[in-house]
Each structure stands twice: as structure tokens, then as C-alpha cells.
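Along the sequence shown, residues are numbered consecutively beginning with 1.
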Amino acid sequence: MGTRRRLTLFALASIFFGGTFVAAKAGLEFFPPLLFVALRFDIAAVVLLAYLAVGPSHDEMLPQSVGDVIGIVATGVFVIGLSNALLFVGQQYVSSGVGAIIFSLNPILTPVFAMVLLTNERLSSRGAVGMLVGLVGVALVVQVDPSNLLGGGALWKAVVFLGAVSGALGTVVIRWADTSLSSTVRTAWALPLSSLLTHGLSFASGETLAMISWTPAAVAALVYVGVFAGAFAYIAYFGLLDDVGPIHGNLVFYAVPIVATLGGSVLLGESVSSLTLVGFATIFAGFGVLASKSIVAEVERLYEGQVEALTT
């Protein structure tokens with residue numbers, strides 16, 4: 001995959017996922033959280049299956065190995081299902097910007113799981129510094145206060161954090177499974193599994209369709225999280241993960257908070273404090289440290305290519 005395509009997938013995933021936090025916050029006024037997630041996956045599954053109906057052959061659609069099955073389960077249960085269920089439940093009491101910031105812990109958590117499950121992906125010392133800088137930025141934005149860690153706000157932030165943990169673990173398991181399915185096909189199998197999981201959780205928690213307030217705003221929020229932040233975002237995100245791996249692919253979640261916070265400010269009237277802006281700057285400093293090695297390597301590769309072209 002070329003650099004331009006990687007950047008395009010990175011940008012699309014960042015924008016679509018960033019909008020998720022805004023649309024989720026708006027939609028939770030009309031939907032019970034778990035049912036909102038379940039309906040989102042219903043829509044995303046239909047859109048993605050329709051897209052694949054004119055694409056891969058029958059053989060390309062079928063899992064061929066245990067690794068394929070593990071990849072589907074990890075995608076459906078951890079990366080999509082539990083991750084979003086925990087996010088939507090927690091975000092009832094957490095702003096879209098803060099929810100996105102907590103989810104930006106995903107790149108920091110991923111190397112921890114990679115150290116255990118993946119032998120060929122390790123975090124360098126430079127990467128470790130970048131992760132720590134990013135963590136400081138997250139703490140600034142969330143405004144961690146030891147005196148209220150057990151308070152209600154901290155509890156729901158912890159729920160969102162568990163969603164980030166689930167997503168990070170799932171992406172590493174997908175890489176470990178070494179699935180032969182394309183990312184789009186794997187996601188098409190995974191989304192119905194995510195739907196069944198979240199519908200089951202919704203039913204167990206006592207949610208019903210009667211709790212939904214069907215307004216134009218509710219429909220708009222559901223369409224966005226189902227189509228754009230669902231099917232389209234997952235195509236871009238999992239395609240990126242397959243190419244660059246979970247450690248670098250999950251850097252998407254460093255860009256997501258900017259989209260979520262700006263969207264929450266413009267569309268929902270959420271405030272952005274000066275400390276939040278300092279946190280953003282710190283997170284991007286961490287991102288710069290993490291990405292610098294890859295950027296330098298890419299520049300060197302392009303330079304060597306140009307020299308070779310001039311000398312042949």
C-alpha cells in the first residue's frame with residue numbers, strides 16, 4: 001500500500017471516528033445506549049454486505065482457517081462490539097471531546113498487548129517516550145484529579161477507558177491470528193456478530209424499542225454512526241491496520257479527539273478549556289515523536305528512489 005493511500009485511510013478513519021463521539025452524544029438523547037449501538041451495527045452490516053455483494057467471489061468471502069475465525073471473533077467482539085458498547089454507555093455522562101481523548105489511550109495500550117502476543121512488533125525507546133507524552137496529554141484533557149477518582153464522572157470515564165482496552169486488545173489479536181481474509185470481508189462477518197452481542201446486552205439491560213424517540217435528529221445521528229462511522233470508517237480503519245499493524249494503525253486515535261472536540265463545540269455547544277488545548281498540544285507532541293521515525297524512513301526511501309531514477 002502506498003503512502004498516499006495510507007494517509008487517505010488515516011484521514012478518513014480519523015474524521016469518521018471523530019464524528020462518532022459527536023453523533024453518539026447527540027443520539028443518546030433519543031436512544032438507550034446499548035440499543036443505539038446495536039441498531040448502528042444493523043445498519044453498518046447491511047451497508048457493508050450490500051457493498052460486498054458486487055465485489056469478492058464466493059471463495060474469497062468464506063473463512064479458510066482457524067486464524068480467519070479468530071480474526072472475525074476478535075473484530076466483532078472486542079474491536080467493534082464491546083468497545084462501542086462501553087463507549088456509548090460511558091458517554092451518557094462524558095462529553096464527546098473527553099470521550100475521544102480517553103479513547104486516544106488506544107495507541108498507548110496497544111504495544112502492551114503486542115509485547116505479549118506479537119514477536120515481530122515491539123515498541124522502540126523513542127516510541128515509549130512518545131506514548132508517555134501522549135499519556136500526559138490525555139491526563140491534562142481528562143483533568144485527572146486524585147480527590148474525585150471514585151466520583152461519578154471518573155466512573156463513566158473508566159467505562160470508556162475499558163472500551164479503549166477492548167479495542168486495543170482486539171486489534172492485536174487480529175494481527176496475531178494472521179487471517180487471510182481481506183479487512184473488508186472480515187468486517188462484514190464481524191458486524192452481524194457485533195449486532196447480536198449488543199442486542200443481547202441491550203435486552204439483558206431491559207432496553208426496548210419503546211424507549212426510542214424517533215425525531216429527525218435521532219435518525220440523522222443513527223445514519224451517521226451506522227453508515228459513515230460504521231461501514232465506511234471500518235473499511236478505512238481495518239484496511240490501515242492490515243497494512244501497518246496495530247501499533248501504528250491505532251495512531252488514528254490521536255487525531256480523533258480533535259475532530260470530536262471541534263464537532264462537539266460547534267454542534268453541541270460543548271466548552272473547550274485552555275487545559276484541554278494544552279492537552280491536545282501534548283498529545284500531538286507525543287504523536288510527533290512516535291511518527292518521526294516512520295516519516296524519516298519514508299523521506300529517505302523517496303530520496304533513494306529519486307537518486308536511483310536519475311542515475312539509471
Side-chain angles (χ1 to χ4, degrees), residues 1-24 37 40-41 43-45 47-48 51-52 71 74-76 78-81 83-84 87-88 91 96-97 99-111 134 160 163-164 166-175 181-188 190-191 194 223-264 280 283-284 286-288 290-291 294-295 298:
M1 184 184 294
T3 301
R4 181 176 297 178
R5 178 173 169 79
R6 289 173 185 164
L7 291 174
T8 300
L9 293 179
F10 186 95
L12 289 174
S14 300
I15 292 170
F16 288 147
F17 280 149
T20 300
F21 295 87
V22 181
V37 178
R40 173 195 186 187
F41 295 151
I43 293 172
V47 171
L48 199 52
Y51 169 78
L52 289 175
T75 303
F78 293 109
V79 183
I80 300 179
S83 180
N84 282 274
L87 168 64
F88 277 52
Q91 206 173 340
S96 55
I101 283 292
I102 298 173
F103 239 68
S104 72
L105 280 168
N106 191 307
I108 298 172
L109 295 165
T110 303
V160 176
S166 177
L169 173 61
T171 58
V172 174
V173 172
I174 292 169
R175 192 72 163 188
L181 293 173
S182 73
S183 59
T184 305
V185 170
R186 186 177 65 244
T187 307
L191 278 168
S194 304
V223 169
Y224 181 86
V225 297
V227 177
F228 296 98
F232 296 167
Y234 288 133
I235 290 173
Y237 174 59
F238 288 116
L240 185 64
L241 285 180
D242 281 357
D243 186 58
V244 303
I247 291 178
H248 291 96
N250 279 334
L251 293 177
V252 161
F253 293 100
Y254 274 137
V256 162
I258 299 297
V259 179
T261 300
L262 293 177
F280 281 147
I283 287 171
F284 273 99
F287 176 79
L290 282 163
S294 298
I295 292 171
E298 185 64 25

List the atom of Ala168, the atom of Leu109, and the distance in Å for their closest heavy-atom pair. CB-CB, 3.8 Å
Rounded to the nearest 0.5 Å, how far does CG of Leu240 lie from OG1 of Thr171? 11.5 Å
Taking only residues two or more places apart in sequence or in another chain, which ones pass side chain to side chain contact (heavy atoms under 4.5 Å, CB included) with Thr20? Phe17, Arg40, Phe88, Ala229
Applying side chain to side chain contact (heavy atoms under 4.5 Å, CB included), run through Val173 and Phe78 and close with a yes or a no. CA-CA 9 Å; Val173 172; Phe78 293 109; 5.6 Å; no
Heavy-atom closest pair, residues Thr75 and Ser194: O-OG, 4.5 Å
What are the two closest non-hydrogen atoms of Val225 and Ala23, and how far apart are they? CG1-CB, 3.6 Å
Locate the shortest heavy-atom distance separating Ala231 from Val47; write the atom from each residue and the value. CB-CG1, 3.7 Å
For Phe228, which residues count as a ring pair (Phe, Tyr, Trp, His ring centres under 6.0 Å) partner, sequence neighbours excluded? Tyr224, Phe232
Residue pairs fulfilling side chain to side chain donor-acceptor pair (under 3.5 Å) with at least one residue in residues 228-242, sequence neighbours excluded: Asn84-Tyr234, Arg186-Asp242, Tyr237-Asn250
Residues two or more places apart in sequence or in another chain: which of them pass side chain to side chain contact (heavy atoms under 4.5 Å, CB included) with Ile235? Leu48, Tyr51, Thr184
Okay, side chain of Ser83, backbone of Ala164: is any donor-acceptor separation there less than 3.5 Å? no
Correct closest heavy-atom pair for Ala236 and Ala13 would be CB-N, 4.1 Å
Checking side chain to side chain contact (heavy atoms under 4.5 Å, CB included) for the pair Ile43/Val227: CA distance, chi angles, key distance, verdict? CA-CA 7 Å; Ile43 293 172; Val227 177; 3.9 Å; yes
Can Val252 and Asn106 be said to form a side chain to side chain contact (heavy atoms under 4.5 Å, CB included), step by step? CA-CA 9 Å; Val252 161; Asn106 191 307; over 6 Å; no
Reported CG-to-OG distance for the pair Leu52 and Ser182, which is rounded to 0.5 angstrom: 7.0 Å
Restricting to non-hydrogen atoms, name the atom on Val244 and the atom on Arg175 that form the minimum distance, rounded to 0.1 Å. C-NH2, 4.3 Å
